[in-house]
Amino acid sequence: MMLACASAISAAMSDAPKHTPLVFSGMQPTNTLHLGNYLGALKNWVKLQDTMPCIYCVVDMHAITAWQDPKELVRSTREVTAAYIAAGVDPARSILFNQSQVSAHAELAWVFNCVARIGWLNRMTQFKDKAGKNRENASVGLFVYPNLMAADILAYRATHVPVGEDQKQHLELSRDIAQKFNLDFGAPDFFPLPEPVIVGPGTRVMSLRDGTKKMSKSDESDNSRINLTDDADTIAQKIRKARTDPEPLPDSKDGLKGRAEAENLINIYAALADHSPETVIGQFAGAQFSVFKNALADLAVEKLTPIAGEMRALLADPAEIDRVLKSGSERALAIAAPVMAEVRRLVGFVG
Ligand code: TYM
């Protein structure tokens, strides 16, 4: 059914007026953000502000799909907000808010719980990874998490979603949900099919301890990641300790085959420097890792420590952070309210 419908809807979409370009993305306030969050998403968010209106959300409702200490959630929500601003998200230009303050997210997620199919969610690899062997004991929220993510985006009818590669499958599901809603309720162009924006060499930053594992907030080893709050010495030390192999750096991209750790460090350098990996390989061809790691440590310290400093300054005034979030929530609600009124009408809710 999905496939036949999909082509019908794509045909209808091509005749329909285009949706107004709008960016939406978010991060979970669980633990401190790391280099993967920065290079895979945040750095691109900042650039996109020059091309389209943007909405950036701290997804606190997603965070509680695994239990969070409430005090820690408050702290972490403010810290992630500070990280967005310190990295260059401008709360005057872009809308910056926390998810729980706009009830449209929860409301639309319920409608999407009734649109999405259990079979679709059963295919989500992140649920399988996060639930692990003890699946029966995972929260129901963790299972329907991608429906909430679709609601986040579609409550604003956002068209572009900048994320790291690990979110690709969830965005494909968002597109399926949008298509099925449009079809089920006879509103061919109501929701846009949001486009993933997964660009640059930092879309999948790997652990510094194991080049086959994604850099992650939940890795037991703090040496596996660079946190956005790390100071210069810690950053340099983690890079110097990063796992590598005994060979010097290659002179072409082909030479990185089977060398996951080397490839990861080159990609990190390229993403931080805003160069292509090929340029970085050209620059360091034949160099020993000790030389390359020193250059990478200097670059990472130069790019990341101002963000940590600015975060500290912002966090010294939590009331100001709360004001930014509140004003962002009001602006977000103003966009979501008419969309939700139309959703209620389309679904047949009297009111
Ligand atoms: P989250 O909080 O796990 O991650 C936030 C962003 O960081 C990216 N990312 C990475 N990129 C490159 N390398 C890595 N090692 C790495 N680790 C994380 C993620 O791809 C993401 O872009 N479900 C989402 C949050 C979310 C969302 C949304 C995103 C909720 N609703 C709507 C977009 C639109 C999540 O858990 O991201």
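Indexing begins at 1, ligand by ligand and atom by atom, following the structure's order. Owing to the predicted nature of the structure, the values given are computational and were not obtained by experimental measurement.
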Applying side-chain contact (heavy atoms from CB on, under 4.5 Å) to Arg331 and not counting sequence neighbours gives Ile95, Ser327
Using a strict cut-off of under 4.0 Å between a residue heavy atom and any atom of ligand 1, list the qualifying protein residues by chain and number. Phe24, Ser25, Gly26, Met27, Gln28, His34, Gly36, Asn37, Gly40, Ala41, Val59, His62, Tyr145, Met149, Asp152, Ile153, Val161, Val163, Gly164, Asp166, Gln167, Gly202, Thr203, Arg204, Val205, Lys214, Met215, Lys217
Tell me yes or no: between the side chains of Tyr145 and Gln28, is some donor less than 3.5 Å from an acceptor? yes
Run the side-chain contact (heavy atoms from CB on, under 4.5 Å) test against Gln167 and tell me which residues pass, sequence neighbours left out. Gln126, Met149, Val163, His170
Run the salt-bridge test on Lys238 and Asp222 with the 4.0 Å N-O cut-off and return the result as yes or no. yes
Using 30° and 60° as the class limits, which term best fits the ring planes of Phe289 and Phe292: parallel, tilted or perpendicular? perpendicular
Qualifying residues under side-chain contact (heavy atoms from CB on, under 4.5 Å), relative to Thr20, sequence neighbours excluded: none
